[in-house]
Amino acid sequence: MRLSHFLVFILPFLVSASLDEQSVLSSPPNMQDQQGDLDAGYTPLTRPQPTLADLLTIEPSASIYYSYARETQLSLEFDTANQYLTLLVPTNRAVMALTRKPHQGPPSAVPVIELSEQQFDEQSKRNVHRWVSAHIIPSHISLSNVPVTYDTMLEGKSVTFIPTSETGRDSPDWARVVLEDGSRIISMKEGMNGVLYLIDGTIDPY
């Protein structure tokens, strides 16, 4: 009984103190006005076109290639605006069809020596870097006059585009060529720092 009386007595004071504390902690009107002015004057950073990194991010059928590329420093160049790259990006289906995946490299012609975990990781990274770079041409390309050959970022590796008669004359240039191994370009997307060609095969880096 005494406790209930005590609570009845002290409760109004507790409520009053709580309200006073809230009024002290609330932002002054002028600070709210200043924040509103800052929000009104904020302009988000925009780009006139997506980068190659943006295009790869939103292209679901290129996710495996982009996943391998992000394991290397090469992927940083996909978001760099001061250079131009041409990417020949295999579809997920094309990568999955490979007998040996990019990180495995080619089969060994000699008996395999057991590697330590560190040696295996280093070798896998070299294989991935080699495979990813074989699909990158470090320049703009023209497919209006084929056959034509371009060097890739993998030293000593080039790719050749040859004409095909299976598409009409009204088709874009990229649809009227195939790669030397028969791989076809199935779509093209242009970014601010290059072009992404989606291909239904892969480039052999060896």
Side-chain angles (χ1 to χ4, degrees), residues 51-53 55-78 80 83-110 123-206:
T51 64
L52 291 172
L55 295 177
L56 286 166
T57 300
I58 63 176
E59 178 54 66
S61 59
S63 60
I64 296 181
Y65 175 82
Y66 195 28
S67 178
Y68 275 116
R70 287 198 300 268
E71 296 180 18
T72 73
Q73 293 294 315
L74 295 170
S75 62
L76 299 178
E77 302 186 32
F78 299 166
T80 302
Q83 65 178 347
Y84 197 95
L85 301 176
T86 299
L87 304 185
L88 304 174
V89 180
T91 62
N92 292 342
R93 179 176 296 183
V95 180
M96 293 172 64
L98 292 173
T99 303
R100 293 181 65 84
K101 299 304 181 276
H103 64 279
Q104 294 177 308
S108 177
V110 296
Q123 180 174 294
S124 296
K125 289 178 180 178
R126 288 194 297 269
N127 292 337
V128 168
H129 187 279
R130 185 179 182 89
W131 184 79
V132 171
S133 60
H135 292 80
I136 305 173
I137 299 173
S139 64
H140 179 275
I141 68 173
S142 173
L143 300 176
S144 59
N145 187 18
V146 291
V148 63
T149 300
Y150 290 97
D151 291 330
T152 69
M153 290 189 72
L154 176 61
E155 185 177 357
K157 181 64 180 180
S158 60
V159 291
T160 300
F161 300 89
I162 58 178
T164 177
S165 58
E166 296 183 9
T167 55
R169 293 181 176 273
D170 295 335
S171 302
D173 291 340
W174 59 264
R176 292 189 280 118
V177 301
V178 295
L179 276 71
E180 58 201 43
D181 65 351
S183 297
R184 297 181 176 278
I185 300 174
I186 58 179
S187 70
M188 185 275 283
K189 294 182 179 179
E190 188 170 1
M192 65 180 295
N193 60 338
V195 172
L196 186 159
Y197 291 109
L198 200 64
I199 60 176
D200 64 0
T202 63
I203 308 297
D204 185 0
Y206 300 98

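Only this structure's heavy atoms are used, side chains among them; waters, hydrogens and symmetry mates stay out. Note that the numbering runs from 1 along the sequence shown for the chain.
- A heavy-atom distance below 4.5 Å is found between the side chains of Arg176 and Asp173.
- Closest of all the heavy-atom pairs between Ser158 and Glu180 is O-OE2, 4.3 Å.
- Note: Tyr68 and His103 have parallel aromatic rings, judged against thresholds of 30 and 60 degrees for the angle between ring planes.
- Here the side chains of Glu77 and Ile136 are not in contact, with every heavy-atom distance at 4.5 Å or above.
- In this structure, the side chain of Thr160 does not engage the main chain of Thr149 through any donor-acceptor pair within 3.5 Å.
- Across all non-hydrogen atoms, the minimal contact from Ile64 to Val95 is CG2-CG1, 3.6 Å.
- The distance from the CG atom of Asp151 to the OG atom of Ser139 is 8.5 Å, given to the nearest 0.5 Å.
- Between His140 and Tyr84, the ring planes are tilted. Angles from 30° to 60° get that label.
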*Evaluate side-chain contact (heavy atoms from CB on, under 4.5 Å) for Ile141 paired with Tyr197, printing each intermediate quantity in order.*
CA-CA 11 Å; Ile141 68 173; Tyr197 291 109; 3.8 Å; yes
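- Between Asn92 and Ser63, the side chains place a donor N or O and an acceptor N or O closer than 3.5 Å (distance only, hydrogens not considered).
- Summarising the geometry of Pro90 relative to Thr202, their closest heavy-atom pair is CB-CG2, 3.7 Å, with the distance given to 0.1 Å.
- In this structure, Leu87 and Phe78 have side chains that are in contact, with non-hydrogen atoms separated by less than 4.5 Å.
- Heavy atoms of other residues, nucleotides or ligands lying less than 6.0 angstrom from CD of Gln73 number 12 at most.
- When all heavy atoms of Ile137 and Val159 are compared, the pair lying nearest together is CD1-CG2, 3.8 Å.
- Here Ile199 contributes atom CD1 and Arg184 contributes atom CZ; the two are 13.0 Å apart, rounded to the nearest 0.5 Å.
- Judged by distance alone, the side chain of His135 and the main-chain N or O of Ile203 form a donor-acceptor pair under 3.5 Å.
- You'll find the side chain of Gln104 stays beyond 4.5 Å of the side chain of Leu98, heavy atoms only.
- Distance OG1/Thr86 to CE/Met188: 10.5 Å, rounded to 0.5 Å.
- Across every non-hydrogen atom of Pro106 and Tyr206, the tightest pair is CD-CZ, 3.3 Å.
- Annotation: side chain of Trp131 is not in contact with side chain of Thr72 (no heavy-atom distance under 4.5 Å).
- What you find for Gly105 and Asn127 is that their closest heavy atoms are N-ND2, 3.5 Å.
- Between Lys157 and Pro205 there is no side-chain heavy-atom pair separated by less than 4.5 Å.
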_Full working for side-chain contact (heavy atoms from CB on, under 4.5 Å) between Ser133 and Leu74_ = CA-CA 8 Å; Ser133 60; Leu74 295 170; 3.8 Å; yes
*Take Leu198 and Val89, measure what side-chain contact (heavy atoms from CB on, under 4.5 Å) needs, and give me the verdict at the end.*
CA-CA 5 Å; Leu198 200 64; Val89 180; 4.1 Å; yes
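- Taken to the nearest 0.5 Å, the NE2 atom of His129 stands 12.0 Å off from the CZ atom of Arg126.
- Atom OG of Ser124 sits about 9.0 Å away from atom CD of Glu71, to the nearest 0.5 Å.
- Evaluation of the salt bridge (charged side-chain N to carboxylate O under 4.0 Å, His left out) rule for Arg130 yields no partner, not counting sequence neighbours.
- Using a 4.5 Å heavy-atom threshold, the side chains of Val132 and Pro102 count as separate.
- Using a 4.5 Å heavy-atom cutoff, the side chains of Phe161 and Leu88 are in contact.
- Separating the CG atom in Asn193 from the OG1 atom in Thr51 is a distance of 5.5 Å, to the nearest 0.5 Å.
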